[in-house]
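The chains referred to below are lettered A, B, ... by the order of the sequence lines, with proteins before strands, and numbering in each begins at 1.
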Amino acid sequence: MSGLKREGDHVHRLEALRGATPQQPHDARAIAALAANPGCTRRALMDGAGIDKDAAARHLGFPAPFGQSPFAITRGNVFEALVKADGCAELLRMLRELLGLPVAEVSYHDVENVGAHLRHAHTRALIDRAASEGRDAGTLYDHPLLSMEIAGHTAYLEPDVVAFQLGGRFHIVEIKSFAVIDGQADPSAVAAAARQAAVYVLALRTLLEELGHDPAKVSHDVVLVCPENFANRPVATLVDVRRQLAVLRRQLTRMTTLDRLLEGLPDDLSFDLRPDDDGRPTRPVAELADALHRTTARYAPDCLSACDLCFFCRDEARQEGASDLLGRQVRDELGGVASVAEALGLADGTRDPAEGQEEIARLLRNAERLRRECLT
Amino acid sequence: MSLLTSLARLRALDEGIAQPVATVRHCHLSDRPMVFIPLKLSGESAAPLAAMLGTDRDRPRLLVVTQPRNRDLRFAWAAELAGVLLPYVESFLNDTETVERRNADPYERALDAPQIVVPNLTGVAFTRLLGRSTRFRRSDGPYPVPEAVPLLGRWLTYLGERAAYPGSSLVLAATEELGRHWASGQSSLEDANLAALLGWITTGPGDEAEDPLIWPPAGPATDPGFDAEVLAPAIESGSAERITEALRTQVEPTWRLMWQAVDLLAALPAGPSVTQRWEQDRGSFSGMAVHLAEGAPPQPRRDGAVTAAAKLARMERAQAAYDVQRAYDDPLVMAEYRLTGEAFAGEVAETVPDHTEGEGRSRKLRPLVVIKTDDPVRLPPGTSLGTPQRRGQGAELVEAGEGLVTVKITKGMGRGKVAAPGAVPEVGERVCYTSLTDDFQGSPALPEAEATPWTHGGPPHDYVPDDEDAQEEWS
Amino acid sequence: MTASPEQAVGPEEVIRRVLADLPRHRGVVVDSPPGAGKSTLVVRAAAHLAATGEPLMIVAQTNEQVDDLVARICDKHPHLTVGRLSASGYIPPLRMLELPGARVGTRIQDLGDPDIVIATADKWAWIGDRVWPWAIVDEAYQMRSDKLLRIAGLFERALFVGDPGQLDPFSIVDGDRWSGLSWDPLQSAVSVLLRHNPDLPVHRLPVSWRLPASAAPVVSRAFYPFTGFRSGTEHGDRWLELSTGGMGTVHDRALEEAARSGWALLELPNRHTVRTDGEAVQAVALLAERLLQRGALAGSEQGERPVTADRIAVGAAHRDQVAAIRAAGLPPEITVDTANRLQGREYDVTIVLHPLSGRRDATAFHLESGRLCVLASRHRHACVVVARAGIAELLDAHPSAEPVQLGVPVKFPDGWEANQSVLEHLARHRV
Amino acid sequence: MSDRLDDLERRIDELRAGVRKAMRVRDGATARVLRAELRSAERAWDALVSGERQPGPAADQPRLVTVREQVHQGLRLLGATAQPRLVVAVGDAFFGGTVRSGQLTSLRRDEERSFRSSPFGRPYYLCAALTDRLSPARGLLTLSTWPLERRVVGPLSPRVDFLTCAIAVAEHCGEHFPEEPQEDEADDGRATRLLVRMARNIPGATDGALGPPDPVRVVEAARAELRVHADRDTRDRAELAERAAAQLGEVSRLFGAATLSTIKKENAK
């Protein structure tokens, strides 16, 4: 079909955008983040081209405000180790309690026992064997390596554990170190975990399909394992990720329809960081900044917790005096009025409403009148 | 957030300085608030690291877990915290007043109550967690902790809960209160950064507010960079002094900001209804004290069906009242309702003080007032109205149009043939009327917990905190 | 929950099963999609239970619903005596006072001893120290579980009837603290009931008598993806006729399209606007006006009748939009209201201002599937939607980062999907 | 002296700021240099405030028994392949052990080196368990003196070994602290905590009540589950041991072989 060709040269175009910069491999978190701000062309293009946004941001002098405390990292590793200790003894207990896993089902495969380069093939083989219900189908698969096609590139994904034989279905096991206290956990943390797990579910389903098995063998209920209350003792909860799966599918289809965005681009546009031998970007900052400015971003304060480029885009929004700075709600309230100066001009009456701005102008003037009346 | 606030934010952004969105203070401010800045260990749910607290801005107490990896020290820390907070809380219990109640026994209400001021909402949440992690502890049994710890837990739990109660001032989150009174030129998300918000209100914005080297986060989470480069090595060194000093550098700047926030709020005159809401806080506080004195068990892990429904009803009632009172107290808040046409203000153009309705015995005095207003009135005739100028009074909208609104006063103008003096506004007086009124009838009774119906799972097994709660290791 | 596959079964059969289940279970739940004869069922069940000689209480959510039920029962079953409990402020409509079997009072004692006592949930909450062997709870999905908690002590067994697709109950305060609890007071009465009594039978009325053949599949697909329902009428059983000719304006063409196909999307140029988008408001008003001017006739199994103002409703998402539309000078007989207040009502033709029209970002409020469901399922003949172009793009750009609460069952349909599905259908009727 | 302190503190603050700035832009080199300076400054500061006393947990008491010997001791008690963290926990609980898991990372390599230089020069070696592809299993310790069957791991072996270890721990508790473990001086509850941790993951090992589980009950429960897996696990191990004996040389029989052949076979199908 003709789609193939278009597919082909837009992959080509994306590589041009990336230039000499090595492709930034997507991990589950990155894929899950695709849904964070789908309206943002700048981000869509950079993700599509596989540019390391974090590196770009740092090079531009706007390092992302994210960072993880060593304590958090250690805590995470320690907890995962605890859950997996002694042939996943803790995990088995929880699966037995939560999903009624039969006592006989304890077989454990550590996929990482094979060389790194073979992990994916080995995972494939083991999952295939399990799905075809062959003798000694395993129960727990530790450190499996799944894959997924993103915009013409293969992303490798590492779920914590895949559990099988809970009624003949595969369950993704996601181990997180945020606490579940009296049955509740930080909703945004759970949401993030659910989005990430959804990526694994989709990848595993795709794998089963390729192997000619029923993808429905992968449950949409993932097993979320967290520390309970203030103790170290792990507790498992089932999380239904059907919604996250739907969103993910949507975003992945969008990725393949980048053409629309690519067509609009000037041919000479490139996000290349021109890394030197030890990977340091050498491209003149002004030049890179200019290249980015030529693509439209859709900045919202929510980006501050989701996108590596947030400070760069916020700065841009400040330069433009865009009302986006104040948040989606304000922006929406102002109807068509995008700039701060414009809005205030309408409020003061120093600027005449353009076609279609009559109402917002009236509202703003009224608001201004009331504020003056109350403050003087 | 209304267009009025949005406009204020735009203005702030343009002028580079925050704009007022309130003309009076809507929270109570204690003479000696307890400023409380907790820090927690990253990656843990409620592992305390340090707290700076006190009622005297010049003499902050710094409590530190000098070896954060050592769990026993965490409880020692909790005990220290109790040593500061409990005396403060209990100092308000002695002076009380007797309150008479309709069809209920009179009760003793504290004349004043404690007020904890934390930097932000996450600070409130951490306070609640701290309460949760300490209230079930036992001073006896397998994993004993100092006496004061479980008691502290119950108070912190109570205060954390109360913080979610609309209009309550027992616990204040600085960023929230500031945000209620000033509109910055940044998004509400960014307002959660105390340094940034205060910057907007005082000197104008600056990026250093987001630089953890200049303004460390106001907690409870610490800056990852600090964790990696300062705290971790300090912990490795095992030197208590070093850990203490390291943490001091992280809370001290916030300590100064907190008192700056307190001063800013104190500079605003209190709204008329603030006293009334504080009275409820005092009542609630005394109630909790009695509860404890009677030796009631610690608050359960989660609300039962009946408790939940009762709390929800109280909170909804409080929210509604809070909204109305703020509007009545503050023309700038009322302006939001005038903008949407639920209120209008203007000059009295004409009055008919002796206007009456009905004949003979059922003849009623219904003074008419005609107001000239520029506000868009979106209220149908017959809407019952209230007015901040004469709070006891009730009125009804007769007709509206061409910038003229006619209302008739229906109650609160006196019993006589003619309206009581001052009951009917004079021509030329500025008045404001709104459909927003604070008359709610109480909510109907709920069943007793033990009478919880089958639709809601039937009577609960009454909750006995077991050793499980008490011995839960604290990691 | 025993979900019997009843899409296949006829409505009569379902009602029979429901009545048969009543004595067997403490509670019976009936899901009723828009216009699937919920009130008919309530009236039938009421008579059925009253016939046993045991007293019955009926709970509805609003005074209108109560009055409506009283009228229906007295009309269908004149031999039954019905007591209408009301708050002191309530003024009964004339038709109520004319009903022979009905009696109105503020206290149980005032009602004599009727076969059936009807009141709103709020009123019932004030009634104590008496237990009815039977209760029927109407609009149970719109009832918050804390209301049910207040009145559940009044009855031994109950029939819960409602529409799961409409708007969920809400609160002005944040109730996260209770999320995940099986008795979360902010959940609907039915979801709490079923979480504690998972074995109660749940029936579904399979046929919508209100929605025409042109609408039932659309609404079913978008808002009832798993259960589904069908229309009680065939294409051609319902028709809408504009007796006077049009002038070829977009508004006229929109009405003609609606008359022809049951749906029309009057699309205005893509622009971000304030909520009270003047152009859109004007368009809505004009449509209503023209509909009257062109003397629309609605034909159905109930015969042919003119579409008078009282048979037309205009729906919007926000109160200020409603106010703006009212201000645009519509005949007062035309109902103009928000989705919340249009729940459970029925008209011949509805004109809807799309919740997402002119928005730049969709909020959870705008995307709530129940809101659109109510607006798109009030009509017997046709629904005209007014919207600015660009909703598709808005949905496409919508960031999805909804928080996830542990232990809270995921609700379907997802608002995004539902909006998408409806939009796809409307696109085929764009003028 | 206090000025000295002030200077130091100022210096330290500068350095810290410097390091964190460098880290934010991922300038590792600069960060390293500054860090070095910072550490020495901090040490000086410590010295000043806390007199000459040098604190720090690193001041660990002289070890009487070598790490090697302690691990040996632990493994002998457990009697089955185990993860370092478990071996360490056992040492902690019963031998007042001083080993930290970290110290075990290099252990296996050293053992292999020493074996290669002088085979069987030592009475025992600490070696890796062998996976089903006869390669060294990640993070599983065994003793060279054990028969191959015990040193290989089939799919069920991790569970079987865990249960075996649990039995060993329970029995040891039973013998050494017959009643109320945490009363015992030598132990201060470490053994009990270990037993609790293991018992809660074995069906029926605890009666749900709190307090230390009854060792006897733990042993019974573990044996009961063991019976479910025993046959198949023994079969698997025997088959593996056979292959190992047939395919592996002296060294790799103890320390495992890096083999890919098995993978090739899988890909073939």
Side-chain angles (χ1 to χ4, degrees), chain A residues 32-33 35-41 180 182-195 220 224 226 237-244 246-248 250-251 254 257 298 300 302-303 305-306 324 327-329 331-338 355-364, chain C residues 174 176-182 184 225-226 268-282 318 320-321 324 356-366 388 390 393-418 420:
Chain A
N37 188 4
C40 182
T41 308
V180 170
D182 300 336
Q184 285 304 298
D186 169 9
S188 52
V190 179
R195 285 195 294 272
H220 59 244
L224 177 65
C226 300
T237 323
L238 281 184
V239 179
D240 180 335
V241 299
R242 271 177 290 175
R243 276 182 170 214
Q244 288 75 11
V247 173
L248 178 61
R250 247 156 40 211
Q251 295 315 323
R254 290 180 93 261
T257 59
R298 188 193 178 110
D302 320 57
C303 299
S305 57
D324 300 276
R328 290 205 157 94
Q329 196 190 356
R331 180 72 170 81
D332 193 65
E333 251 175 346
L334 291 175
V337 185
E355 166 70 37
Q357 289 185 336
E358 299 81 1
E359 283 166 288
I360 184 64
R362 190 170 40 72
L363 284 168
L364 282 169
Chain C
D174 167 20
D176 282 0
R177 55 173 46 200
W178 297 299
S179 59
L181 287 175
S182 54
D184 179 346
F226 301 131
L268 303 171
N270 187 347
R271 188 149 64 71
H272 299 138
T273 67
V274 292
R275 267 191 341 212
T276 53
D277 176 357
E279 243 179 292
V281 167
Q282 264 317 313
H318 296 281
D320 54 0
Q321 292 173 326
L356 292 172
S357 173
R359 298 297 102 239
R360 182 165 184 275
D361 285 297
T363 65
F365 173 91
H366 293 114
R388 292 204 169 264
E393 292 69 17
L394 176 149
L395 285 176
D396 182 51
H398 178 64
S400 18
E402 297 81 10
V404 178
Q405 304 274 11
L406 290 180
V408 180
V410 182
K411 189 167 182 300
F412 285 100
D414 168 47
W416 193 97
E417 308 273 349
Q420 188 66 18

State, to 0.1 Å, how close [X] and [Y] come at their nearest heavy-atom pair, and which atoms those are.
X: C:Val404; Y: A:Ala191; result: CG2-CA, 3.6 Å
X: C:Pro399; Y: A:Pro38; result: CA-CD, 3.6 Å
X: C:Glu417; Y: A:Ala246; result: OE2-CB, 3.3 Å

Taking side chain as everything from C-beta outward and backbone as N, CA, C, O, which of these in [X] sits under 4.5 Å from a heavy atom of chain C? Side chain, backbone, both or neither.
X: A:Asp182; answer: neither
X: A:Val337; answer: neither
X: A:Leu363; answer: side chain
X: A:Gln244; answer: side chain

Which one of C:Arg359, C:Arg360, C:His366 satisfies the side chain to side chain donor-acceptor pair (under 3.5 Å) criterion with A:Asp332?
->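 Answer to the side chain to side chain donor-acceptor pair (under 3.5 Å) test with A:Asp332 among C:Arg359, C:Arg360, C:His366: C:Arg359.
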Under a 4.5 Å heavy-atom cutoff, which of C:Thr363, C:Val408, C:Asp277 has the most pairs with chain A?
->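 It is C:Asp277.
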Against chain A, work out which of C:Lys411, C:Glu402, C:Glu279 has the most heavy-atom pairs shorter than 4.5 Å and name it.
->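 Counting heavy-atom pairs under 4.5 Å, the top option is C:Lys411.
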Tell me, please, which residues at least two apart from C:Asp361 pass side chain to side chain donor-acceptor pair (under 3.5 Å).
-> A:Arg298, A:Arg328
Say you draw a straight line from CD of C:Gln405 to CG of A:Asp186; how long is it, rounded to the nearest 0.5 Å?
->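 Between C:Gln405 CD and A:Asp186 CG, I get 9.0 Å after rounding to 0.5 Å.
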Taking only residues two or more places apart in sequence or in another chain, which ones pass side-chain contact (heavy atoms from CB on, under 4.5 Å) with A:Ala36?
-> A:Arg43, A:Ala306
Taking A:Ser188, A:Ala194, A:Gly356 one by one, which has the highest count of heavy-atom pairs under 4.5 Å against chain C?
->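 Most heavy-atom pairs within the cutoff with chain C belong to A:Gly356.
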Is there a side-chain contact between C:Thr273 and A:Glu359, using heavy atoms and a 4.5 Å cut-off?
-> no
Any donor-acceptor pair under 3.5 Å from A:Gln184 side chain to C:Leu406 backbone =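 Checked: pair present.
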Got a donor-acceptor contact below 3.5 angstrom from the A:Arg243 side chain to the C:Phe412 backbone?
->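 Judged by distance alone, no pair lies under 3.5 Å.
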Interface moiety of C:Val410 toward chain A, non-hydrogen atoms closer than 4.5 Å |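 Contact with chain A: side chain only.
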Check whether C:Pro413 gets within reach of chain A through its side chain, its backbone, both or neither, counting any heavy atom under 4.5 Å.
->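 For C:Pro413, the backbone is the part near chain A, not the side chain.
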Going by an N to O cut-off under 4.0 Å, is there a salt bridge joining A:Glu355 and C:Arg271?
-> no
